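A, B, ... follow the sequence lines: proteins, then strands. Residue 1 opens every chain. Since the structure is predicted, the reported quantities are computational estimates derived from the model, not experimental observations.
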Number of protein chains: 2
Amino acid sequence: MINSRLSVAIHILSLLASHPHDRLTSEYIAGSVQTNPVVIRRLTGMLRKAGIVTSSPGTAGAVLTKAPVEITLLDVYDAVFAGEELFSIHDKPNPDCRVGRNIQDTLDTHFERAEQAMKNELARQTLADTVEHLFA
Amino acid sequence: MINSRLSVAIHILSLLASHPHDRLTSEYIAGSVQTNPVVIRRLTGMLRKAGIVTSSPGTAGAVLTKAPVEITLLDVYDAVFAGEELFSIHDKPNPDCRVGRNIQDTLDTHFERAEQAMKNELARQTLADTVEHLFA
DNA sequence: TAGATTTGTAACCATTCTTGTTACAGGAGC
DNA sequence: GCTCCTGTAACAAGAATGGTTACAAATCTA
């Protein structure tokens, strides 16, 4: 339902976290994810803009800016879905109908709570948990 | 990000709940949502299959099977997203890589928790809350 | 009973989203 | 200078989304 950006982003970060002394190229990471290196670089770009990794043109690899235990899955979610709402609300309901006029605001309230609950749970899980589960 | 089915479904149910003595046609409801009547009938069909409303060919309108206070937003979510997972996980990660081999199972665990938290919050809100907010 | 109305559903379409791909400028290092 | 890498734009195929037409069958109404 939601696209696979979070999924691939966590995959990338797991590789970085589990090879802290290597410089993994986008091609190598793409080999593990089984996708195109550009897809990896696109996501790495989002993670860089969010301050989760550093990387620079010409230099192979990306480096985590924090310990895995300090990187929550919410951080990753926010990085790859910056500013997006979880639920879409249909636009242009009929303003001449009392329900139509107020539905967007009402749905906003409902959906905001649900989204926040989901984010709170993502915030409770960190990249360290991911790596631990991967190698357990 | 997630499509607007839940949004429109709640709109439909709000109209039914706030006009309990009328038989609202799909055309009337479509007028409030500002979409095509077939879109309404499609969603009403899902709500019917989930047991939230009854309706039948030839007879105008749909009727709630329960009081609004007994219809949770999770019921509606399950009706319109039956069997779908919230987060997609990229398929075919490389089985020759330890991370690739285990990432799907790990992500499944993480995502399941986040999805469940969201659903728990939806379960706490009912159609009665929606209607109350709409007419407050 | 005949005609009008309505639902349920299939089929189709345009638009947008998603993911993969090619291409290439420019940085880094040997 | 040559090679390798990242960042990024541009493009393309396929899927998803929402809207639309069409129509059979059920119900209602005059």
Which protein N or O atoms sit under 3.5 Å from an N or O of nucleotides 26-30 of chain D?
none

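Applying the salt bridge (charged side-chain N to carboxylate O under 4.0 Å, His left out) test to B:R124 and every residue at least two apart in sequence or in another chain returns B:E121. Residues satisfying the salt bridge (charged side-chain N to carboxylate O under 4.0 Å, His left out) test with A:E70, not counting sequence neighbours, are none.
Using a 4.5 Å cut-off on side-chain heavy atoms (C-beta onward), A:I2 and B:I2 make contact. Side-chain contact between B:P68 and B:T126: absent, with no pair of heavy atoms (C-beta onward) separated by less than 4.5 Å. Between B:L24 and B:L16, the closest side-chain pair of non-hydrogen atoms falls below 4.5 Å. Counting heavy atoms from C-beta outward, B:S14 and A:R98 have side chains that stay 4.5 Å or more apart.
Remark: A:T25, A:S26 in residues 13-32 of chain A come within less than 4.0 Å of DNA chain D through at least one heavy atom. If you check residues 40-50 of chain B against DNA chain D, the residues with a heavy atom closer than 4.0 Å are B:R41, B:R42, listed by number.
Heavy atoms only, all atoms of each residue included: A:S7 and B:H90 are closest at OG-ND1, 2.6 Å. Of all heavy-atom pairs between B:G51 and B:T65, the closest is O-OG1, 2.7 Å.
Counting only heavy atoms from C-beta on, A:A60 has its side chain closest to D:dC5 among D:dT8, D:dT20, D:dC5.
A ring pair (Phe, Tyr, Trp, His ring centres under 6.0 Å) check over residues 45-70 of chain B, counting only residues at least two apart or in different chains, returns nothing. Applying the ring pair (Phe, Tyr, Trp, His ring centres under 6.0 Å) test to residues at least two apart or on different chains, the pairs with a partner in residues 93-128 of chain B are B:F87-B:F111. Within the structure, ring pair (Phe, Tyr, Trp, His ring centres under 6.0 Å) pairs that include any residue of residues 53-79 of chain A comprise A:Y77-A:F81 (at least two apart or interchain).
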Sequence neighbours excluded and cut-off under 3.5 Å, please list the side-chain donor-acceptor pairs for residues 52-59 of chain A, or say none.
residue, atom, partner, partner atom, Å
A:S55, OG, A:R48, NE, 3.0

Name each donor-acceptor pair under 3.5 Å that joins a side chain in residues 25-32 of chain B to protein atoms two or more places apart or in another chain, with its distance.
residue, atom, partner, partner atom, Å
B:T25, OG1, B:E27, N, 3.4
B:T25, OG1, B:Y28, N, 3.0
B:S26, OG, B:R41, NH1, 3.0
B:S32, OG, B:H11, NE2, 2.8

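With rounding to whole Å, A:N36 atom CG is found 14 Å from D:dG7 atom C1'.
Just one of A:N102, A:L107, A:D105 meets the side chain to side chain contact (heavy atoms under 4.5 Å, CB included) condition when paired with B:L134; it is A:N102.
Here A:E112 does not pair with A:K119 in a salt bridge; the nearest charged N to carboxylate O distance is not below 4.0 Å.
DNA chain C is contacted by both B:S88 and B:S55; B:S55 maps to the nucleotide lying nearer its 5′ end (nearest heavy atom per residue).
Across the helix from C:dT1-D:dA30 to C:dC30-D:dG1, the helix axis at one end is tilted relative to the axis at the other end by 10° (nearest 10 degrees, each axis from five pairs).
The span of DNA chain C lying next to chain A, judged by atoms under 4.0 Å from heavy atoms, is bounded 5' to 3' by C:dT18 to C:dA28.
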